[in-house]
Undergrad: 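One structure is given below, represented as C-alpha cells, and several questions about it will come after.
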Amino acid sequence: MIAFVSGPVAALAPDTAVIEVGGVGMAVLCTPNTISTLRIGQHAKLATSLVVREESLTLYGFADDDERQVFELLQTASGVGPRLAQAMLAVHDPDALRRAVSTGDEKALTAVPGIGKKGAQRLLLELKDRLGDPVGPGGPARSGASAAGSWREQLLAALVGLGYAAREAEEAMETVAPQAEAVTADGGTPQVGQLLRAALQSLNRAR
C-alpha cells in the first residue's frame, strides 16, 4: 500500500494532482478543497489510499491521515465506493461527517451529490458505530449556509492554484456565482468541484 506521496507538484487539474516522486509523476485524485491548497512547483505531502480494481489502480489523496482513514471507513458501508466517499469528504470534513452520523443529521448527508433520503438513512445506521465521535471542537456540520459562505474562497484558491491570474479567477468566479446562489437559495450546498468545472469552461471559452 502507498501510505503517502511527497514531492513537488508537477501539475494540477480540477480533481487531480500530479506529484513528482523519484522522477515519476504520480496522479492522485483529490477533493477540490485539497487541490486548492496545492501550488505547482511547491512541495506537497498527501496521505493516500490505493484502490485496486481488475482494470485499474487509482490513488486517492488527502490532506492528512484522518481524512484518509474516514475515506476508507466510509467504504465499509454498503453502496459506498471510493468516488462517493470522496464526494462526502468534498462536502464535509471528517469531524463534520462524524458529527452528522453521531447526531443522525440526515440533511447533512443528502447535501452530498448521489445520496438521497433513503441512502442517508441507511448510511446513518451503518456508519454510527464505525466513524466514532468528533475529535475536534464542537460546532455544526459544514453544510448549508456555512459551506455557501466558503465556496468563493475555495474556488478562488483552486483557480489560482491551477495557474490563473487572480483577475481571471475572480471573473470566472462571478460567472458561476448565480449557479451557486441558486443552490443556496434552495437550501442546498454549493459543490466546489462542480463550480470549478463550470468556471474552467468559462475560462476556456474566453481564451
Side-chain angles (χ1 to χ4, degrees), residues 1-53 55-75 81-97 113 135-136 142 147 150-173 175-176 190-207:
M1 178 180 177
I2 302 174
F4 68 89
V5 294
S6 178
V9 179
L12 291 171
D15 62 353
T16 307
V18 178
I19 310 296
E20 184 178 342
V21 181
V24 177
M26 306 284 285
V28 187
L29 293 181
C30 306
T31 66
N33 292 338
T34 300
I35 291 289
S36 70
T37 67
L38 304 177
R39 300 291 181 269
I40 293 176
Q42 293 187 7
H43 186 275
K45 181 177 180 180
L46 297 174
T48 56
S49 178
L50 181 63
V51 176
V52 180
R53 297 285 186 266
E55 70 286 356
S56 65
L57 297 173
T58 307
L59 201 59
Y60 289 82
F62 310 94
D64 53 40
D65 289 333
D66 183 37
E67 196 170 77
R68 177 185 60 192
Q69 182 179 23
V70 170
F71 170 80
E72 293 173 347
L73 287 172
L74 290 172
Q75 293 176 73
R83 284 288 188 177
L84 183 55
Q86 189 180 53
M88 293 172 75
L89 285 165
V91 176
H92 302 293
D93 62 39
D95 253 10
L97 282 172
V135 296
R142 175 162 54 100
S150 65
W151 72 263
R152 285 179 176 272
E153 297 174 5
Q154 294 174 24
L155 181 58
L156 181 62
L159 289 168
V160 172
L162 288 170
Y164 291 97
R167 182 175 178 180
E168 283 184 304
E170 289 171 0
E171 290 175 353
M173 190 168 61
T175 66
V176 302
Q191 304 301 312
V192 177
Q194 295 175 3
L195 295 175
L196 181 56
R197 284 190 288 273
L200 289 171
Q201 288 173 358
S202 72
L203 285 165
N204 290 335
R205 285 195 298 268
R207 289 186 168 183

Undergrad: Would you say the side chain of Thr58 lies within less than 4.5 Å of the side chain of Pro82, judging by non-hydrogen atoms?
TA: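 No. Closest side-chain heavy atoms not under 4.5 Å.
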Undergrad: Between Leu89 and Leu97, is a side-chain contact (heavy atoms from CB on, under 4.5 Å) present by the stated rule, with each step listed?
TA: CA-CA 8 Å; Leu89 285 165; Leu97 282 172; 3.8 Å; yes
Undergrad: Grab the two heavy atoms, one from Ala85 and one from Leu74, that are nearest each other, plus how far apart they are.
TA: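 Smallest interatomic distance, heavy atoms only, reads O-CD1, 3.8 Å.
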Undergrad: What is the minimum heavy-atom distance between Ala44 and Leu38, and which atoms define it?
TA: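 Taking Ala44 first and Leu38 second, the nearest heavy atoms are CB-CD2, 3.7 Å.
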Undergrad: Distance from Thr37 atom OG1 to Leu46 atom CG, nearest 0.5 Å?
TA: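 Going from OG1 on Thr37 over to CG on Leu46, the span is 7.0 Å.
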Undergrad: What donor-acceptor contacts under 3.5 angstrom involve side-chain atoms of residues 18-32, with partners at least two apart or in another chain?
TA:
unit_1, atom_1, unit_2, atom_2, d
Thr31, OG1, Thr34, N, 3.3
Thr31, OG1, Thr34, OG1, 3.3

Undergrad: For Val176 versus Ala198, what's the shortest heavy-atom pair and its separation?
TA: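 In this case the closest contact between Val176 and Ala198 is CG1-CB, 3.7 Å.
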Undergrad: Would a 4.5 Å heavy-atom cut-off, applied to side chains only, mark Glu170 and Leu156 as touching?
TA: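 Yes, side chains in contact.
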Undergrad: So how far is it from Leu12 CG to Leu159 CG, rounded to the nearest 0.5 Å?
TA: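 With rounding to 0.5 Å, CG (Leu12) is 11.5 Å from CG (Leu159).
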Undergrad: Please name the pair of heavy atoms, one in Trp151 and one in Met173, separated by the smallest distance, quoted to 0.1 Å.
TA: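 In terms of heavy atoms, the two residues are closest at CZ3-CG, 3.8 Å.
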Undergrad: Please determine whether side-chain contact (heavy atoms from CB on, under 4.5 Å) holds for the pair Tyr164 and Leu200, giving the CA-CA distance in whole Å, both sets of side-chain angles, and the decisive distance to 0.1 Å.
TA: CA-CA 10 Å; Tyr164 291 97; Leu200 289 171; 3.5 Å; yes
Undergrad: To the nearest 0.5 Å, tell me how far Gln75 CD sits from Arg83 CZ.
TA: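 Rounded to the nearest 0.5 Å, the CD-CZ separation comes out at 11.5 Å.
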Undergrad: Return the CG to CD1 distance between Leu50 and Ile2, rounded to the nearest 0.5 Å.
TA: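 It comes to 5.5 Å.
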Undergrad: So, using salt bridge (Lys or Arg N to Asp or Glu O under 4.0 Å) as the criterion, who are the partners of Arg53 when residues are at least two apart?
TA: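 If we apply the salt bridge (Lys or Arg N to Asp or Glu O under 4.0 Å) test to Arg53, skipping adjacent residues, there are no hits.
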Undergrad: Looking at CZ of Phe62 and CZ of Phe71, how far apart are the two atoms once the value is rounded to the nearest 0.5 Å?
TA: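 Output value for this atom pair is 4.0 Å.
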Undergrad: Minimum heavy-atom separation for Pro94 and Glu67, please, with both atom names.
TA: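 Of all heavy-atom pairs spanning Pro94 and Glu67, the closest is CG-CA, 3.8 Å.
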Undergrad: Quick one: closest heavy-atom pair of Asn33 and Ser36, and the distance?
TA: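 Smallest interatomic distance, heavy atoms only, reads O-OG, 2.7 Å.
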Undergrad: Any non-hydrogen side-chain atom of Asp65 less than 4.5 Å from a side-chain atom of Gln69?
TA: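 Result no, sub-4.5 Å side-chain heavy-atom pair not found.
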Undergrad: How long is the straight-line distance from CD of Gln201 back to OG1 of Thr175, given to the nearest 0.5 Å?
TA: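 Rounded to the nearest 0.5 Å, the OG1-CD separation comes out at 10.0 Å.
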